[in-house]
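Here is the structure we will look at.
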Amino acid sequence: MSKNIVPHNYQISKLDRLKKNNHNSLLLWFTGLSGSGKSTIANLVESALFNEGINTYSLDGDNIRKGINSDLTFSAEDRTENIRRIAEVANLMIDSGLVVLAAFVSPYKKDRENIRTIVKDVNFVEIYINTSLEECERRDVKGLYKKARLGEIKNMTGISAPYEAPETPDLEIKTENENIDASVKRIVDFIKPKLNLKNE
């Protein structure tokens, strides 16, 4: 970092924004294979929180790669940089007082641990959407697995690139054994105490 970079102190603090919002800010990180249901569940969780007056914002893999990370490939190095940038963006959003929902494959444990370091452990909730590769291939909502099996996509997580499953996630959702409404309710019930809502 350059010695000439000096952070500016602004009059409005994170605490000021949290008080105005009447809730804490958090990062809900949804990880799992492509097609596991991360984005679907994150979307429903956000809707449930938004309907209760929580200020939220969702970050999604495809949307991020079309914009801020459009220069990155799917190599191991670029995957790490992809997650690092997302974590830094999420950290700014946490400072702004938002509950951020991030749905990313994020296959490497070291990258997910780096997220926790960037946003601080107290602000980080790791949600493992645990869906088997077989089920994800069966769903194949984007047709990616078919292309990967044909060799048209390289570095496909679960096929030609590894996925390192979380060992101790804050929450684990097994979509093949639990219906989506129950999953969403379980996530919302888990994070509500962390928001410290004054009206509850």
Side-chain angles (χ1 to χ4, degrees), residues 1 26-43 45-46 57-94 99-149 151-176 183 187 190-191:
M1 183 180 293
L26 291 172
L27 171 59
L28 311 183
W29 191 273
F30 297 78
T31 179
L33 293 171
S34 178
S36 61
K38 300 182 300 299
S39 296
T40 299
I41 293 173
N43 188 24
V45 170
E46 181 180 27
Y57 194 86
S58 283
L59 298 171
D60 183 80
D62 287 342
N63 294 340
I64 289 288
R65 280 191 174 271
K66 287 181 179 179
I68 192 170
N69 288 347
S70 62
D71 60 321
L72 300 178
T73 69
F74 287 89
S75 69
E77 295 78 13
D78 279 6
R79 284 177 184 268
T80 292
E81 176 60 13
N82 181 54
I83 298 304
R84 187 197 68 80
R85 291 184 194 178
I86 295 161
E88 293 290 357
V89 169
N91 197 39
L92 293 174
M93 291 182 165
I94 289 170
V99 172
V100 185
L101 301 93
F104 295 89
V105 175
S106 46
Y108 303 124
K109 292 178 184 177
K110 64 179 177 60
D111 294 342
R112 296 193 300 269
E113 284 304 313
N114 190 43
I115 302 164
R116 192 184 295 272
T117 300
I118 290 171
V119 304
K120 299 183 178 59
D121 187 65
V122 68
N123 298 318
F124 184 69
V125 178
E126 184 179 55
I127 304 168
Y128 175 29
I129 307 301
N130 185 354
T131 306
S132 68
L133 175 61
E134 292 75 19
E135 177 62 15
C136 291
E137 279 204 75
R138 188 192 67 77
R139 297 175 185 175
D140 205 8
V141 291
K142 299 176 184 177
L144 300 178
Y145 288 103
K146 182 179 179 181
K147 290 180 180 179
R149 292 295 187 188
E152 297 174 10
I153 295 179
K154 299 184 184 300
N155 299 319
M156 176 71 183
T157 303
I159 304 296
S160 52
Y163 178 77
E164 300 172 356
E167 295 174 358
T168 56
D170 296 294
L171 276 173
E172 182 175 1
I173 305 296
K174 296 184 177 181
T175 66
E176 292 158 87
S183 299
I187 294 169
F190 179 82
I191 65 171

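The structure displayed is predicted, hence computed values, not measured ones.
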Donor-acceptor check, side chain of [X] to backbone of [Y], threshold 3.5 angstrom: yes or no?
| X | Y | value |
| --- | --- | --- |
| T31 | V105 | yes |
| D170 | I127 | no |
| E81 | L72 | no |
| R79 | F74 | yes |
| K38 | A103 | no |

For the atom pair [atom1] ([X]) and [atom2] ([Y]), what is the distance rounded to the nearest 0.5 Å?
| X | Y | atom1 | atom2 | result |
| --- | --- | --- | --- | --- |
| I115 | F124 | CD1 | CZ | 5.0 Å |
| K147 | K142 | NZ | NZ | 11.5 Å |
| N155 | T73 | CG | OG1 | 7.5 Å |
| D78 | D71 | CG | CG | 7.5 Å |
| I64 | N69 | CD1 | CG | 6.5 Å |
| L26 | L101 | CG | CG | 9.5 Å |

Query raised in the report: Taking N130 as the fixed residue, which of E172, K174, E176 is the one that meets the side chain to side chain donor-acceptor pair (under 3.5 Å) rule?
Result: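 Of the listed options, the one satisfying the test is E172.
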Side chains of Y145 and S34, donor plus acceptor under 3.5 Å: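 Absent: no donor and acceptor within the cut-off.
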Fill in: Side-chain H-bond candidate by donor/acceptor type, D60 with S39, under 3.5 Å
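The criterion, which ignores hydrogens and geometry beyond distance, is satisfied for S39 and D60.
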Return the minimal non-hydrogen interatomic distance between [X] and [Y], and the atom names on each side.
| X | Y | value |
| --- | --- | --- |
| T175 | T131 | OG1-OG1, 2.6 Å |
| S183 | I173 | OG-CG2, 3.2 Å |
| P166 | E126 | CB-OE1, 3.6 Å |
| L33 | C136 | CB-SG, 3.9 Å |
| A76 | Y108 | CB-OH, 3.7 Å |

Margin query: Take a 6.0 Å sphere around OH of Y57 and say whether it holds more than 12 heavy atoms from other residues, nucleotides or ligands.
Written below: no
Answer yes or no: are there more than 12 heavy-atom neighbours, outside K109 itself, under 6.0 Å from its atom NZ? yes
Note to self: With heavy-atom distances below 4.5 Å as the criterion, would you say the side chains of I153 and L144 are in contact?
What the structure shows: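 Side chain of I153 against side chain of L144, heavy atoms only: contact under 4.5 Å found.
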**Item:** Contact check, side chains of I159 and L133, non-hydrogen atoms, under 4.5 Å
**Value:** yes
So, are [X] and [Y] salt-bridged, with charged N and O less than 4.0 Å apart?
| X | Y | value |
| --- | --- | --- |
| E88 | R85 | no |
| R139 | E135 | yes |
| K110 | E113 | no |
| R149 | D140 | no |

Checking R112 against Y163: charged group under 6.0 Å from the ring centre and within 45 degrees of the axis?
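The answer is yes, since R112 meets both limits relative to Y163.
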Would you check, one step at a time, whether the test side chain to side chain donor-acceptor pair (under 3.5 Å) holds for S106 with D111? CA-CA 7 Å; S106 46; D111 294 342; over 6 Å; no
field: Worked verdict on L27 versus N123 for side chain to side chain contact (heavy atoms under 4.5 Å, CB included)
entry: CA-CA 6 Å; L27 171 59; N123 298 318; 5.6 Å; no
Problem - Test side chain to side chain contact (heavy atoms under 4.5 Å, CB included) applied to W29 and L59, V119, V125, I86, the passing residue - result: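 Testing W29 for a side chain to side chain contact (heavy atoms under 4.5 Å, CB included) against L59, V119, V125, I86 leaves exactly one candidate, I86.
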